[in-house]
Each structure stands twice: as C-alpha cells, then as structure tokens.
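A quick write-up on the structure given underneath.
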Number of protein chains: 2
Amino acid sequence: MNGQFQIAMHILTLLSKQPDELLSSAYIAGSININPVLVRKEISNLRSFGLIESKEGKDGGYSLGKPAHQITLADVYVAVKNQSALGQAKNMPNPACPVGKQINGHLNNLALEVDTSIINKLSKTTLAAFSDQFE
Amino acid sequence: MNGQFQIAMHILTLLSKQPDELLSSAYIAGSININPVLVRKEISNLRSFGLIESKEGKDGGYSLGKPAHQITLADVYVAVKNQSALGQAKNMPNPACPVGKQINGHLNNLALEVDTSIINKLSKTTLAAFSDQFE
DNA sequence: TGTACTGTAATTTATTTTATTACAGATGAA
DNA sequence: TTCATCTGTAATAAAATAAATTACAGTACA
C-alpha cells in the first residue's frame with residue numbers, strides 16, 4: 001500500500017479542525033507538503049464517498065461532508081483502500097499443481113477475513129476522536 | 001504492500017504438504033510461477049525467522065524449520081511485513097502547522113494498533129490448519 | 001470582466017517490485 | 001578427483017506503480 005490513508009487522514013483532520021471555513025487545496029497541500037493536484041485528486045475520491053464537500057469558483061474550497069463524529073476511520077480506510085492489507089501477488093500459480101490450483105482461493109478468503117477485522121477495529125474510532133488528540 | 005505474503009504462504013504450504021522430501025527452488029518456483037531466485041531470496045528471509053531449513057549441494061533443497069502446527073500465519077506475516085498495513089506516506093508534513101506537526105505521531109500510533117490486531121487475528125491460524133484446507 | 005478557485009487529463013519523474021544473469025560455494029556420486 | 005546439481009547472493013535490467021508537474025477548461029464571486 002501507499003500513503004493514501006495518511007494523506008486522507010491529514011486532509012480530514014485539517015477540515016475537522018476548521019469547520020467554519022472552506023480550505024483550499026493549496027492551503028491543505030502546504031500543511032501536508034505535497035502537490036495541490038494530489039490533494040484535489042484525493043479529495044475527489046473522498047467526496048465520492050460523501051466524506052467531503054467542495055465548492056468551486058472564487059472563495060471556493062473544501063469542508064467535511066458530514067460531522068466529524070459521524071465519520072469513522074473505517075470509512076476513510078474503505079474509501080482509500082484498493083487492495084487487501086495482505087497485499088496481492090501478481091503471479092499465476094501453476095494449475096497443474098494441487099497447491100497452485102487452489103491457493104489463490106484460500107488466500108483470498110484469508111485476506112477478506114483480515115480486511116474485515118481491520119475495518120472492525122477502525123470503525124471504533126471517529127474522525128472527531130482522532131482529531132481531538134491534537135492539542 | 002506487495003505479494004511477499006502470498007509467495008511465502010505458497011512456499012510454506014508446499015513444504016508442509018511434502019514433509020518427507022526436500023523441495024528445490026526450481027520446483028517451488030514452478031508451482032508459484034515466478035523466478036527461482038525470488039524463491040531462494042524469500043526463503044532466505046523465512047529461514048532467518050526459523051520457519052524454513054535448507055540444505056546446500058546436490059540433492060539439496062528446503063524443508064520446514066518446525067512442524068506446521070507450530071507455525072502460525074502471524075509468524076509468516078511478521079517475517080514478510082516491512083511496513084504497516086495502513087501504508088506509509090513519505091511526505092514531510094509542515095511543522096509550522098499544528099496538525100502537520102503532530103499527525104505523524106498520531107498516525108503511527110494508530111498504525112501500530114491496527115498491525116497488532118492483524119497479528120492477533122493471524123496468530124489464531126496455524127500453517128497446518130491452512131494447509132489442511134487443500135484437498 | 002478579472003480573479004481565484006476547483007476538476008481533470010496528460011505527461012514526466014521517481015520509486016518500488018519483479019525478473020534475469022552470473023557465478024562462487026556446498027554436497028553427493030561416478 | 002571431477003562432474004553434476006543444488007543453494008546463496010550480488011548486480012543489473014525491466015516492468016509496474018506512485019508521485020509530481022503542467023496545462024487548461026469550468027465555476028463563482030466582486
């Protein structure tokens with residue numbers, strides 16, 4: 001996996017800290033220290049999950065799509081995760097081998113279980129709780 | 001993350017299925033369908049964790065380092081994982097921003113908790129149990 | 001109508017992963 | 001002893017993925 005989760009959490013934390021104003025991608029990018037286009041791209045994704053709202057045009061910017069206490073870290077994880085926490089091999093196991101023939105199925109089942117347990121764990125913390133840790 | 005876990009599980013499953021003979025890296029690579037050097041490299045890692053034993057020279061090859069029922073999937077995960085399941089951002093957050101200054105600490109704590117819960121989960125399944133799923 | 005934003009596509013650069021080549025060293029058998 | 005067959009590992013190349021950058025159309029406000 002990459003740094004998408006961290007970036008997403010950074011964005012959402014900033015927004016939760018300043019709920020009364022719209023933050024621009026340039027401002028957010030300045031805090032994270034990455035390119036503003038990446039911020040807009042990630043926000044575009046988070047918005048599709050209802051976690052962020054945006055306003056275009058002059059004085060436009062971003063705000064949370066719902067209250068921070070209604071967003072769990074599992075919501076964020078699901079929004080950014082594009083593969084299992086166990087990773088994903090890209091080989092094609094040999095179908096002539098009894099193990100090779102079946103292993104992907106068994107590994108996928110395992111991956112599903114693990115991912116479910118992660119989501120379970122993360123669903124217990126809200127963005128509000130995470131954000132309150134900051135002094 | 002990459003496909004290391006899957007590769008490691010494939011290797012270990014093969015070894016657990018044929019506990020009475022040494023398997024060569026070429027044979028193992030043939031079942032996984034990857035390059036034999038990658039197999040040897042991954043085994044070199046797993047061996048450093050005591051999960052596999054090897055014998056050099058003619059008629060050499062690999063076998064489990066301990067009985068399959070004494071190896072848990074958490075052992076495998078710990079051996080191959082080189083970063084958190086939540087990923088790792090490589091930006092340097094702006095220290096002049098209150099959020100930027102603290103976020104890495106908070107995210108790392110979270111990552112630790114999640115990783116611990118994965119290990120917890122995986123420690124409940126042994127390689128023997130995983131391997132027994134294959135008909 | 002100008003200014004300051006977002007939205008997104010296209011491209012480049014950097015990084016990581018996987019594959020390959022090469023060869024020294026170990027072991028067993030003819 | 002010498003050959004064949006393995007492991008162990010380094011070095012390199014190729015492929016895939018992630019991040020950064022450039023560019024610009026569209027929107028909204030003053």
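Order of the sequence lines sets the chain letters (A, B, ...), proteins ahead of strands, with each chain counted from 1.
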Sugar-phosphate, base or nothing in reach of Ile43(B), heavy atoms under 4.0 Å: nothing
Spacing of Glu53(B) atom CD relative to dC6(D) atom C1', expressed in whole Å: 17 Å
Asn2(A), nearest nucleotide to its side chain (from dA23(D), dA18(D), dA19(C)): dA18(D)
Main-chain N/O of Ala128(A) paired with Ser131(A) side-chain donor or acceptor, under 3.5 Å: no
Asn35(A) side-chain N/O to dT21(D) phosphate OP1/OP2 under 4.0 Å: yes
Options dA19(C), dT6(C), dA19(D), nucleotide nearest the side-chain atoms of Lys41(B): dA19(C)
Protein proximity profile, nucleotides 24-30 of chain D - base contact B, sugar-phosphate-only contact S, no contact -, cut-off 4.0 Å on heavy atoms: --BBBB-
Rounded interatomic separation in angstrom, taking CD from Gln4(A) and C1' from dT17(D): 12 Å
Non-hydrogen side-chain atoms of Leu107(B) and Phe130(A) separated by less than 4.5 Å: yes
dG7(C) OP1/OP2 closer than 4.0 Å to side-chain N/O of Tyr62(A): yes
Ser25(A) side chain near dT6(C) phosphate (N/O to OP1/OP2, under 4.0 Å): yes
Asn33(B) CG - dT18(C) C1' separation (whole Å): 13 Å
Sugar-phosphate, base or nothing in reach of Ile34(B), heavy atoms under 4.0 Å: sugar-phosphate
Polar side-chain atom of Asp115(A) near backbone of Leu112(A) as donor-acceptor pair, under 3.5 Å: no
Length of the CD-C1' vector between Glu42(B) and dT7(D), whole Å: 16 Å
Leu38(B) side-chain proximity, nearest of dT18(C), dG7(C), dT7(D): dT18(C)
Distance test, side-chain N/O of Ser44(A) to OP1/OP2 of dT6(C), below 4.0 Å: no
Close side-chain approach of Thr72(A) and Asp75(A), heavy atoms under 4.5 Å: yes
Length of the line joining Met92(B):CE and dA20(D):P, which is rounded to integer Å: 13 Å
Could you pull out every donor-acceptor pair under 3.5 Å between side chains of residues 33-47 of chain B and any protein atom, sequence neighbours left out?
unit_1   : atom_1 : unit_2   : atom_2 : d
Asn33(B) : ND2    : Met92(A) : O      : 2.9
Asn35(B) : OD1    : Val37(B) : N      : 2.9
Arg40(B) : NH1    : Ser25(B) : OG     : 3.1
Glu42(B) : OE1    : Gln4(B)  : NE2    : 2.8
Glu42(B) : OE2    : Asn45(B) : ND2    : 3.2
Asn45(B) : ND2    : Ala79(B) : O      : 3.1
Arg47(B) : NH1    : Ser54(B) : OG     : 2.8

Value in whole Å for how far the P atom of dT17(C) lies from CD of Gln83(A): 11 Å
Expected output: side-chain Ser123(B) to main-chain Asn120(B) donor-acceptor under 3.5 Å: yes
d(OH, Tyr27(A); C1', dA4(C)) in whole Å: 18 Å
Considering all heavy atoms, the nearest Thr126(A)-His69(A) contact: CG2-O, 3.6 Å
Shortest side-chain distance from Arg47(B), nucleotide among dT9(D), dT20(C), dT17(C): dT9(D)
Whole-Å distance separating the CD atom of Glu21(B) from the C1' atom of dT5(D): 17 Å
Below 4.0 Å: OP1/OP2 of dT15(C) and any side-chain N or O of Lys90(B): no
dC6(D) OP1/OP2 closer than 4.0 Å to side-chain N/O of Ser24(B): no
Close side-chain approach of Leu15(B) and Tyr62(B), heavy atoms under 4.5 Å: yes
